[in-house]
**Student:** 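One structure, as structure tokens, below. Some questions next.
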There are 4 protein chains.
Amino acid sequence: MSKPQSAEWHERRRQIMAAALPVFAEKGFKGATNRDIAEAAHIAPGLIYHYFANKEELFTAILDEFLPLDRVSLPLETMTNVPPQQLLPLLLQGLNVIFQEPRFFLVMRILVAETMHTPEAGQRFNAIFKRLLDPFAAYLRAQIAAGRLRAGDPLLMAQMFLSSVAIFFLRRIIGQDPTLQGYDPDAMAHFVTDAFLRAFAPENNSSP
Amino acid sequence: MSKPQSAEWHERRRQIMAAALPVFAEKGFKGATNRDIAEAAHIAPGLIYHYFANKEELFTAILDEFLPLDRVSLPLETMTNVPPQQLLPLLLQGLNVIFQEPRFFLVMRILVAETMHTPEAGQRFNAIFKRLLDPFAAYLRAQIAAGRLRAGDPLLMAQMFLSSVAIFFLRRIIGQDPTLQGYDPDAMAHFVTDAFLRAFAPENNSSP
Amino acid sequence: MSKPQSAEWHERRRQIMAAALPVFAEKGFKGATNRDIAEAAHIAPGLIYHYFANKEELFTAILDEFLPLDRVSLPLETMTNVPPQQLLPLLLQGLNVIFQEPRFFLVMRILVAETMHTPEAGQRFNAIFKRLLDPFAAYLRAQIAAGRLRAGDPLLMAQMFLSSVAIFFLRRIIGQDPTLQGYDPDAMAHFVTDAFLRAFAPENNSSP
Amino acid sequence: MSKPQSAEWHERRRQIMAAALPVFAEKGFKGATNRDIAEAAHIAPGLIYHYFANKEELFTAILDEFLPLDRVSLPLETMTNVPPQQLLPLLLQGLNVIFQEPRFFLVMRILVAETMHTPEAGQRFNAIFKRLLDPFAAYLRAQIAAGRLRAGDPLLMAQMFLSSVAIFFLRRIIGQDPTLQGYDPDAMAHFVTDAFLRAFAPENNSSP
DNA sequence: TATGAATGAGGGTTCATTCAT
DNA sequence: GATGAATGAACCCTCATTCAT
């Protein structure tokens, strides 16, 4: 169990996890059979249990491995002096990169689906969202203090901004609707950023 | 199957569906066993097959029954002359009422979860979203034309507005995060509406 | 679980238990597969789980059903005035009847085998032995007090008597050795009883 | 397989058997996994197959090795002139020594349990019992002939004596019942021997 | 000699579905 | 209509055994 294992062991373990990920994403935890997973990994079903105690451990190991919260974060705390006009596009680019990664996309599918049934998955989901939300809210608070944004609840602002963007990403997770696919990420980012900046521009910088 | 059936038959059918809905919502399609459903409906498991061909038909019948697209719509096309300042709060109130209904909430849970696995469910999800989006975009287009909103892509505007609100509702579906629960719907609505109106206020209609 | 069940249900349950008993006796708890049991009971394997939560519950239910301690007891407490010369043969006849019953024989096989591995089975084994031993020891104590037997530890006496007989019965449980099978129960009973009576006859302080 | 092997080979083989013995005793043949055995022997599971064809061969090899019938015998044929008063305690001491040996105790557990399922084990069990029984019966026959014991079937006498003692030993194999544990071997031996001698004392050696 | 990764048959169990009542 | 006993395919998992290293 807790014995240290060789590098090959971890490597093989990761291979199985990587092969199982799309299976879980496509069929869900209950729908993915061990035979499905074994076939995807080109191994015999029994071998799974050489590397994982059971299906559930494999499942959570996948989430732990391919949903690294570290990746879902920008060094916002060090960027207080970057004005929103520059930072918001950077933020969106960062998100775009993260979501572009195919595995992250698959993990999100799993997480969303499982969240509906198991509270634990919901916690992971919230954790990842907060990971993004809190630093961003802190940044916005600093901007408000610096007079670069209008006064207001930064947490609400952050939430609104991220959620208005989230849908664009979520749609890629969910089924594809042709009418809503026509927008390229950059255009969306520009549009949303503009709107946000206008909405929360400083109160009234009118001279005389 | 497709024979016309008595009213009692339809009534009984609905009872089973109503009882099965929360079971599917809690455990998912695969996780919900026929016995679970039968117990929830206070019937014997075998009886399900007098009213539904199989588990799948029961499932889709539930979606058809309790996801009535009709309800997810406001008569926006008749409200072109209501200014955004008045209409947006109305819209949000309407959404709130819809989401308040317990069955709708349950169906959404099911839909989100199943969407991850079956493209068909994704189509339903898109359908419901478009049902809301298209009329709203049409309304916004009219407002732009009337000079009450700044020029811009109304579909993007609509999408952004709805999605920025969506998270607040989705969070209720997903797990509960205490930090994000403190906001009452009215405050949120007010905040989001204000931001939207500032963001898309007409270009600059002043100048002497 | 604890719901009261129909008479037919209990009847069917007993049928399965009766069919499973020889299978467990022959192959042991681990060796008996559900398919073995199902075949013996002429049912599909799945049906077992309609009547029992799992293999273990079926197993213990069999022990509870076919190892009724009540049967393994004689009303010794009411027979204090019957002298040992008469009672010991009665006791052995009683034991013989019990062991003659084919199901009891099978249960004993199971119990002896399982006792080697699980302490719980050992407790059952001890319970059944004490069930016999304690009343018998009490009877002997009374006989000693009445001067019909020589003074001595009645528990040891009882244990010795029963165990000297036990082997004759156990041999039937274990494999058959022809040389040791030639004795008919009555002869054995007579022999053992005689020996016991001589061994523990009253001191014989007959005065001249 | 049957090739002559080096002394080291036999040594290693014995190590594995010695390590496997308690595992089989505790869990039974089916319950003991090769991994259990390998862990107990501090070897890799695969290595077992270098020394034994399969699990079954290991099992029977253990019985052959650790159930040496030679040990279960006293040189009774040379002790015909030792009177029963002296010999019976010696016999019981000998049995006690044998049962004291931890490995013998473990093998007996295995044998009793497996005897319930496989006739072959039953034969071993009988063999060991006869090994004890026959010389003892011969000794008794000689004593009867010498007038030191009352006339009677010596095989029955021997069986009765051994079995009345057997339970005391078997109880140590089976679960522990506190009430029956209080007797020390010597006291038991004395009690049983006394009873036997009284029961089979020569008919009537008095009369002037 | 020794390892432990790998296999796959088979075990206990679940559950959608059928059907006699 | 309604029941729930009955079925059997398929699930997750175990483990004796093999084999490349």
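Order of the sequence lines fixes the chain letters, A, B, ..., with proteins taken first and strands second; residue numbering starts at 1 for each chain.
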**Student:** Report the distance from atom OH of A/Tyr49 to atom C1' of E/dG10, rounded to the nearest whole Å.
**Tutor:**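 Computing the A/Tyr49:OH to E/dG10:C1' distance gives 14 Å.
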**Student:** Can you measure A/Arg13 atom CZ to E/dG4 atom C1' for me and round it to whole angstrom units?
**Tutor:** 17 Å
**Student:** Please round to the nearest 0.5 Å and tell me the distance separating atom CG of D/Leu58 and atom CD1 of D/Ile48.
**Tutor:**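 With rounding to 0.5 Å, CG (D/Leu58) is 6.5 Å from CD1 (D/Ile48).
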**Student:** About how many Å separate NZ of A/Lys30 and NZ of A/Lys55, when rounded to the nearest 0.5 Å?
**Tutor:** 7.5 Å
**Student:** Step by step, work out the side-chain contact (heavy atoms from CB on, under 4.5 Å) result for C/Tyr51 and C/Trp9.
**Tutor:** CA-CA 8 Å; C/Tyr51 294 95; C/Trp9 189 85; 3.4 Å; yes
**Student:** Write down the partner of E/dA20 under the Watson-Crick or G-U wobble criteria, each distance required to be under 3.5 Å.
**Tutor:**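 F/dT3 - that is the nucleotide pairing with E/dA20, both distances being under 3.5 Å.
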**Student:** Which atom pair, heavy atoms only, marks the closest approach of B/Ala18 to B/Arg103?
**Tutor:** CB-NH2, 3.4 Å
**Student:** Are D/Glu114 and D/Phe24 close enough that some pair of their side-chain heavy atoms sits under 4.5 Å apart?
**Tutor:** no
**Student:** Measure across B/Lys27 and B/Ala32 and return the closest heavy-atom pair with its distance rounded to 0.1 Å.
**Tutor:**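 Answer, listing the atom of B/Lys27 first, then B/Ala32: CB-N, 3.7 Å.
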**Student:** Please report the distance, rounded to the nearest Å, between CD in A/Gln5 and P in E/dG4.
**Tutor:**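 Spelled out: CD on A/Gln5 to P on E/dG4 is 9 Å.
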**Student:** Expected output is a numbered-order residue list: members of residues 15-48 of chain C with a heavy atom under 4.0 Å from any atom of DNA chain E. What is it?
**Tutor:**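 Those residues whose heavy atoms fall under 4.0 Å from DNA chain E, taken from residues 15-48 of chain C in numerical order, are C/Ala32, C/Thr33, C/Asn34, C/Gly46.
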**Student:** Please round to the nearest 0.5 Å and tell me the distance separating atom CG of C/Leu47 and atom CD1 of C/Ile37.
**Tutor:** 12.5 Å
**Student:** If you assign B/Glu56 and A/Arg12 each to the DNA chain E nucleotide with the nearest heavy atom, which residue ends up on the more 5' nucleotide?
**Tutor:** A/Arg12
**Student:** Of all nucleotides in DNA chain F with an atom under 4.0 Å from a non-hydrogen atom of chain D, which is the first and which the last going 5' to 3'?
**Tutor:**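 Contacts span F/dC15 to F/dT18, reading 5' to 3'.
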**Student:** Where do A/Ala41 and A/Ile16 come nearest, in terms of heavy atoms and distance?
**Tutor:** CB-CA, 4.4 Å
**Student:** Which residue lies toward the 5' end of DNA chain E, B/Asn54 or A/Trp9, if each is placed at its nearest nucleotide?
**Tutor:**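 This one resolves to A/Trp9.
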**Student:** Could you check whether D/Tyr51 gets within reach of a base, just the sugar-phosphate, or nothing at all, counting any heavy atom under 4.0 Å?
**Tutor:** sugar-phosphate
